[in-house]
2 protein chains.
Amino acid sequence: MGYALDSIDTKILAMLQNNSNRTTKSIAEALGMTTSPVFERIKKLEKEGYIKKYVAVLDNKKIGLKLTVFIGITLQGHTRSYLEKFVKEINNFPEIIECHRVSGNFDYLLKLVVEDIEAYETFIISKLTLLPYLGNVQSLITLSTGKETNEIDLSRI
Amino acid sequence: MGYALDSIDTKILAMLQNNSNRTTKSIAEALGMTTSPVFERIKKLEKEGYIKKYVAVLDNKKIGLKLTVFIGITLQGHTRSYLEKFVKEINNFPEIIECHRVSGNFDYLLKLVVEDIEAYETFIISKLTLLPYLGNVQSLITLSTGKETNEIDLSRI
DNA sequence: ATTTTAACAGAATAATTTTCTTTAATAATT
DNA sequence: AATTATTAAAGAAAATTATTCTGTTAAAAT
């Protein structure tokens, strides 16, 4: 795979995962190094794809999107071409932020973020149920969220 | 709620959501403005909490965490104190990156990221099933992911 | 033992962030 | 309607950071 991470790399990743606006200077100080090697390591981590991107995490509720819903879906047919079409359609719905093909009691698990229950119902009626080959659809409405992050614990790798 | 977003704010948020390392200068140019008002708006969006944090998004697979699993859980008792304890316990497991209390066929939906099926099994056996009051546990193993993002479509607010 | 390579330190430069002052436009008050 | 506050923006200056470059050291390879 071309490149192995050492403990300095994982520490850098851990810090940038937690706050990507942290300066290389501050990271370097935390590691007892100077800025140049830290800078070079970060660039390498970006180039090699360990760091995919840098993003601002917004407060969905404050923006007016107060409801997160998970939807488990089974399809009636499983032909390859249809599965691909399904995923493609799904990607056009701006409400959907995750779409996983899963094994277990569903074929797909979706995660979506909408304004409220009403917007959710509109989505179901005027978008989701229009898709063909749809089998069972089961919604899990989020009541509260104890934890929701992208941050991976890197102490275990 | 103290502050209403105008169209310039949402454009800034959209850009930072997509790439938080984009310079204020570049954002300002895209908006036909100078850097200072854009800078001030960003600081305001941070201060007011619309922007929660800035993070580096890592490639989990490259780091060796190749498996994402969703777990639906029902509990046998629903006393408030126990629910709180459950969430607290869950937060101590580094594998778990999301924990939602939901309505529907489960009480909780968890999302976790682990190395592989073996690590997943270890988690189930030596961590999850040790929790008391556990009822039904149903796992959805991710086979492939069509979409997985935090980026909210802001054109609809 | 010699060469090569990779990682780091330190300094210099380029670019960006951040602060400050001034101006224009809008809203509020009398 | 005139005047006064407020707010948002522009522009310039200062401070900090990112980025590049050069030289050095240590480790790895030959």
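Chain letters run A, B, ... following the sequence lines, proteins first, then strands; residues in each count from 1.
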Query raised in the report: Is any side-chain N of the basic residue among A:K111 and A:E148 closer than 4.0 Å to the acidic one's carboxylate O?
Result: yes

**Report entry** Annotated protein contacts, base or backbone, on nucleotides 5-10 of chain C with a non-hydrogen cut-off under 4.0 Å, one of B, S, - each
**Finding:** ---SBB

Requested in this report: Compute the centroid of each ring, for B:Y108 and then for B:H100, and state whether the two points are separated by less than 6.0 Å.
Outcome: no

Requested in this report: Taking the six-membered ring for Trp and the single ring otherwise, decide whether the centroids of B:F123 and B:F93 are under 6.0 Å apart.
Outcome: yes

Query raised in the report: Do A:L109 and A:I96 belong to the same hydrophobic cluster, where Ile, Leu, Val, Met, Phe, Trp and Tyr are linked whenever their side-chain heavy atoms lie under 4.5 Å apart, directly or via other members?
Result: no

Query raised in the report: Which base sits across from C:dT30 as a Watson-Crick or G-U pair, both distances under 3.5 Å?
Result: D:dA1

Requested in this report: Heavy atoms only: give me the nearest A:D59-B:G49 pair and the separation to one decimal.
Outcome: CB-O, 3.3 Å

Within this structure, what is the [atom1]-to-[atom2] distance between [X] and [N], rounded to whole angstrom?
X	N	atom1	atom2	value
B:I42	C:dT19	CD1	P	13 Å
B:K43	C:dT19	NZ	P	8 Å
B:F39	D:dA8	CZ	P	16 Å
B:L31	D:dA10	CG	C1'	15 Å
B:I27	C:dT16	CD1	C1'	12 Å

Query - Set of residues satisfying salt bridge (Lys or Arg N to Asp or Glu O under 4.0 Å) with respect to B:K53, sequence neighbours excluded - result: A:E151

Query raised in the report: Under 4.0 Å between a side-chain N/O of A:K25 and OP1 or OP2 of D:dA18, yes or no?
Result: no

Query - Donor-acceptor under 3.5 Å (A:T10 side chain, A:L154 main chain) - result: no

Query - Test side-chain hydrogen bond (donor to acceptor under 3.5 Å, both in side chains) applied to A:E115 and A:Y120, step by step - result: CA-CA 8 Å; A:E115 278 131 326; A:Y120 162 68; over 6 Å; no

Polar-atom pairs under 3.5 Å, protein N or O versus N or O of nucleotides 22-24 of chain C: list them with distances, or write none.
none

